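One structure is given below, encoded as structure tokens.
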Amino acid sequence: MGEGRGGPARTGAGREPAPGSAAEAGRRPGRTVALLASVTDQGVAALTNITVLVVAARHATVHAFATFSLVYTVFTVLLGLTVAYVGQALVLENGPAREVARACRSAVVFTALAATALGLPAAAVLGAAGGGGGTATALATLALVLPLVLTHETTRYAFAALHRPHHALTADLLRLAGALTALAAQPHGAGAPRLLLVWGLSAVPALALACLLLSRLTRGAGQDPARCVRRGHLGRRFAVEFGVGNAGTQLAVIGLGLLADPLAVGALRGASTLYGPMNVLFNAATGFGPPLLGRARDGRGAARAAFAAGGVLAAVAGCWTALLSLLPARHGRALLGDTWTAAAALLPATGSQYAAMALGTCGLLALRVLRPRTTLPIQLVFSLLSVGCLLGGYLLGGVPGAAWGLCAGSAAKGAASWLRAARLLRTGSGAAPAPAGPAATAAAPPAEGAGGPAGAS
């Protein structure tokens with residue numbers, strides 16, 4: 001989650017300082033504190049996702065966890081779309097402080113209204129179709145709690161745009177504590193619908209705290225939720241890139257679980273859960289990489305720095321895989337319960353995929369600095385290739401084949417990114433730009449996310 005760029009501050013005589021005004025800015029954390037809070041918040045958010053899956057795996061049977069994983073993957077797709085459409089556009093808001101504050105309030109209200117309009121009818125239809133059990137009931141439960149979890153996520157990006165990452169960290173720590181406590185209290189063998197309901201409702205305290213803090217920061221700014229659907233909203237471009245870059249693979253995994261083998265989703269999701277620390281590093285690179293690379297003297301310097309970062313991340317992925325491979329089975333079962341055996345069998349493929357993703361993510365970051373518009377065609381072509389590799393691998397080799405197919409797709413995308421970057425440098429058409437303003441950042445799509453085998457290619 002990157003920090004937004006606020007515009008000039010304005011205050012009115014005799015009134016309370018406007019959001020982001022000089023007096024209000026005095027209460028902002030320093031740059032180092034803000035950076036540490038942002039990185040820590042990414043870690044806490046990732047740890048929450050890891051905790052949810054680990055605790056669910058320990059409390060559920062293999063089949064119940066497979067259903068839970070399938071529905072959680074659906075949530076991951078919806079969350080990614082929300083972040084792309086609302087969050088990524090929000091942190092690029094640039095203008096007077098009151099306008100940024102108004103945009104933050106509008107984004108949160110829009111997310112709540114849109115999630116409710118989508119979730120409640122879906123919950124009613126799926127609940128009637130489910131008849132009290134199965135995947136349909138689990139999906140209905142997700143739809144019911146969707147407004148809570150998606151609105152909470154949008155508040156994180158609002159705090160980033162307001163330069164208050166420590167507020168996001170406070171709310172996310174409460175979210176982590178609530179989810180862990182609520183899920184740990186469930187009995188062994190709890191079904192997927194119950195686990196999903198408890199997980200969703202556990203977001204209420206964190207959401208209430210975030211909304212309270214946000215209302216104080218943006219008091220008097222007003223709101224206009226319709227701005228998120230007006231023509232020219234940057235979220236449309238970002239949502240398209242997320243769809244071709246990340247959601248395609250996740251939807252393929254969901255289809256695999258619905259049409260072929262639900263246990264495949266549980267195994268793939270369990271394996272990706274083990275790589276949660278790598279996801280934190282990828283998210284940090286995506287959030288802070290472009291501004292740092294943009295400081296390079298020229299395009300070659302930016303590309304060298306990106307390639308070095310990719311090499312370091314790939315080495316970390318290899319070391320993490322070796323560590324997980326040496327983990328005794330009893331400790332593995334303590335983490336993932338009955339799902340450990342299936343997830344452990346995928347470690348070679350998943351570890352190789354994360355190493356490829358490290359180089360690919362940094363390749364896309366280099367392209368964002370050299371020529372931002374080149375990332376969308378790469379995402380489109382090679383994300384479709386990853387879906388084909390996933391499905392083809394499953395047909396040829398079952399779940400391990402699907403994992404190796406995802407690895408092949410990630411490797412191909414990474415290679416294409418760096419070949420494109422090398423071509424730009426060779427022809428001299430890529431150069432490190434100056435820090436971007438609104439017009440320049442509008443052309444820069446978000447970098448590839450890292451959601452694990454079920455979510456990143």
Side-chain angles (χ1 to χ4, degrees), residues 1-12 15-29 34-35 37-38 41-42 45 79-116 147-172 174-175 203 206-230 232-239 287 437-438 441-442 446:
M1 181 173 62
E3 293 190 33
R5 293 180 291 277
R10 298 185 299 182
T11 59
R15 296 183 179 181
E16 182 179 352
S21 65
E24 180 73 8
R27 293 194 289 270
R28 291 179 179 176
L35 179 62
S38 297
D41 182 54
Q42 287 282 5
L79 176 64
L81 284 172
T82 302
V83 168
Y85 190 87
V86 181
Q88 290 287 345
L90 181 59
V91 296
L92 293 179
E93 286 291 335
N94 194 351
R98 186 169 295 276
E99 292 184 10
V100 175
R102 182 180 177 87
C104 291
R105 292 175 67 99
S106 301
V108 172
V109 173
F110 171 80
T111 303
L113 293 175
T116 301
L148 299 175
V149 292
L150 292 185
T151 305
H152 172 260
E153 183 68 17
T154 300
T155 63
R156 299 178 64 230
Y157 287 81
F159 288 130
L162 294 168
H163 302 277
R164 296 298 191 282
H166 57 293
H167 287 339
L169 175 59
T170 301
D172 283 342
L174 182 58
R175 172 71 171 127
L207 176 60
L209 175 62
C211 289
L212 176 62
L213 294 173
L214 186 63
S215 66
R216 291 180 176 178
L217 284 173
T218 60
R219 184 180 298 133
Q223 59 199 34
D224 179 21
R227 72 193 305 275
C228 295
V229 295
R230 293 196 183 106
H233 182 62
L234 289 178
R236 297 181 183 181
R237 175 186 174 88
F238 296 157
T441 52

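What you are looking at is a predicted structure, and each value in this text was computed from that prediction instead of being measured.
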| Qualifying residues under side chain to side chain donor-acceptor pair (under 3.5 Å), relative to T111, sequence neighbours excluded |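 Expected list: T154.
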
How far apart are the closest heavy atoms of [X] and [Y], and which atoms are they?
X	Y	answer
A171	A206	O-CB, 3.3 Å
L81	A239	CD2-O, 4.2 Å
R219	R98	O-NH1, 4.2 Å
G235	A89	N-CB, 3.7 Å
C104	L162	SG-CG, 3.8 Å
A161	V100	O-CG1, 3.8 Å

| R236 side chain to V229 backbone, donor-acceptor under 3.5 Å |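 Flag set: sc R236 to bb V229 pair under 3.5 Å.
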
| query | Do side-chain atoms of R175 reach the backbone of T170 as a donor and acceptor pair under 3.5 angstrom? | reply | no

| Rounded to the nearest 0.5 Å, how far does CZ of R216 lie from CZ of R164? |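 The CZ atom of R164 sits 13.5 Å away from the CZ atom of R216.
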
| message | Nearest 0.5 angstrom please: T155 OG1 to L209 CG, how far? | response | 9.0 Å

| said: Between T218 and R105, do the side chains contain a donor N or O and an acceptor N or O under 3.5 Å apart? | reply: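 Their side chains do contain a donor-acceptor pair, which is all the 3.5 Å distance test asks for.
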
| Working for side chain to side chain contact (heavy atoms under 4.5 Å, CB included), residues F110 and D224 | CA-CA 8 Å; F110 171 80; D224 179 21; over 6 Å; no

State, with a plain yes or no, whether a side-chain heavy atom of [X] is found less than 4.5 Å away from one of [Y].
X	Y	value
L217	L213	no
D172	H152	yes
F159	L214	yes
V109	P225	yes

| Taking only residues two or more places apart in sequence, or in another chain, which ones meet A112 in a side-chain contact (heavy atoms from CB on, under 4.5 Å)? |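 Testing A112 for side-chain contact (heavy atoms from CB on, under 4.5 Å), a comparison that skips the adjacent residues, returns T151.
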
| H233-Y85 aromatic ring centre distance below 6.0 Å |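 Yes - the distance between ring centres of H233 and Y85 falls below the 6.0 Å cut-off.
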
| field | R156 and E153: CA distance, side-chain angles, deciding distance, salt bridge (Lys or Arg N to Asp or Glu O under 4.0 Å) verdict | value | CA-CA 5 Å; R156 299 178 64 230; E153 183 68 17; 2.7 Å; yes

